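First the structure, in the form of structure tokens, and then the observations on it.
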Amino acid sequence: MKVVRSRADFFAARAALPSPVGLVPTMGALHAGHEGLLQAARAECASVISTNFVNPMQFGPNEDLARYPRTLEADLAVCERIGVDLVWAPDVADVYPHGGSTQVRVEPGPVGDVLEGEIRPGHFGGVLTVVAKFLNLVRPGRAYFGEKDYQQLTLIRMMADDLDLGSAIVGVPTVREPDGLALSSRNVYLSPDERRHALALSRALFAGQAAARDGAIAVITTATAELAAVPGVQVDYLDLRNADLGEIPEHGQARLLVAARVGRTRLIDNVAVQL
Ligand code: AMP
């Protein structure tokens, strides 16, 4: 496995890799959720590249950029074990050579204004801009993203399609702890009590999913009741939408999404719902 930092070293190493190339972009602090993406890429591609970059452009002024966990040595051990060919861990100046951001950025459109976009203004513009840059820098045949960040996955699919970015976007199912909690790099912030309270999110989603045969309203009321039963969980939103995050369908595939704050930690999760 090769590990590089500069753009020049990245391009040299990239040129030597056989196609098809699979790309797994991450912000590091790797856990079993990231491993699912890396394993899917390893199974389907001749070469696997992972980027390890905490993107300042997608954090708001009062968010956790400074304290976001950074564990590069451990991350490299995970990549090595899975058989990644090339890890690119650039500095901010390698990704944004004209200062820590860009003047031109990707406009996410209406799906970027709802749910996470309403609570984190500018977040998806920052995500889509850095993903567009990595897709252009790496030029992978396939790029892997988690369903855990369902709105992000949806927007990346739309961007790749609308802007003809030339990479297939592959969604990978959410990896969970045995008790249901979706794995997240931010779970390390949770105290033992908060960790228990955080289970309300996945419990609510699965209860909502199980109520689907009684219709959309039953899904929402059942999930809402589960969330309300746990103190210390401040819900930002609980929403049922169609699979593209538009209006709820009468029947068919839908998505139930939740975001909540548990102490100072903000968590998101979602499940598929068959109405
Ligand atoms: P991050 O490092 O948090 O930016 O995540 C990098 C990629 O891993 C994104 O595509 C995430 O959606 C994905 N990911 C994060 N957590 C999980 C999880 N629990 N299951 C599956 N994918 C995940």
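Computed from a prediction, not measured in an experiment: that's the story for all the values here. Just so you know, ligand 1 is whichever comes first in the structure, and atom 1 is the first atom listed for that ligand.
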- [ ] Answer yes if the side chains of N55 and Y68 hold a donor-acceptor pair under 3.5 Å, and no otherwise.
- [x]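 There is no such pair (donor and acceptor under 3.5 Å, judged by atom type) between the side chains of N55 and Y68.
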Open item on the list: Would you say E44 and Y144 are linked by a side-chain donor-acceptor pair, where the criterion is simply a distance under 3.5 Å?
Closed with: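 Result is yes, a qualifying pair exists.
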Who's the nearest protein heavy-atom neighbour of [atom], and how far?
atom	value
atom 20 (N) of ligand 1	V175 N, 2.9 Å
atom 10 (O) of ligand 1	G146 N, 2.9 Å
atom 3 (O) of ligand 1	Y68 OH, 3.8 Å
atom 5 (O) of ligand 1	H34 NE2, 3.4 Å
atom 21 (C) of ligand 1	P173 O, 3.6 Å
atom 4 (O) of ligand 1	M27 CG, 3.5 Å
atom 17 (C) of ligand 1	K148 CB, 3.7 Å

Those atoms of ligand 1 less than 4.0 Å from some heavy atom in [X]:
X	answer
L183	16 (N), 17 (C), 18 (C), 19 (N)
H31	15 (C), 16 (N), 17 (C)
D149	11 (C), 12 (O)
F145	10 (O)
L37	7 (C), 8 (O), 10 (O), 13 (C), 22 (N)

Please determine whether the number of non-hydrogen atoms from other residues, nucleotides or ligands lying under 6.0 Å from atom [atom1] of [X] exceeds 12.
X	atom1	answer
R264	CZ	no
Q274	CD	yes
I119	CD1	yes

Task: Residue from Q234, E116, E63 passing side chain to side chain donor-acceptor pair (under 3.5 Å) with R266 - done: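 Option passing the side chain to side chain donor-acceptor pair (under 3.5 Å) with R266: E116.
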Open item on the list: Using the side chain to side chain donor-acceptor pair (under 3.5 Å) definition, which of the options N187, T265, D179 pairs with R195?
Closed with: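 Going through N187, T265, D179 one by one, the side chain to side chain donor-acceptor pair (under 3.5 Å) with R195 is satisfied by D179 alone.
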TODO: Using non-hydrogen atoms of the residue, decide whether P25 is closer than 4.0 angstrom to ligand 1.
DONE: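 Yes; P25 lies near enough to ligand 1 that a heavy-atom distance drops under 4.0 Å.
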Task: Charged N-O contact under 4.0 Å between R42 and D85 - done: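 Yes, R42 and D85 are salt-bridged.
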Task: Short N-O contact, E35 and R81, less than 4.0 angstrom - done: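 So E35 pairs with R81 through a salt bridge.
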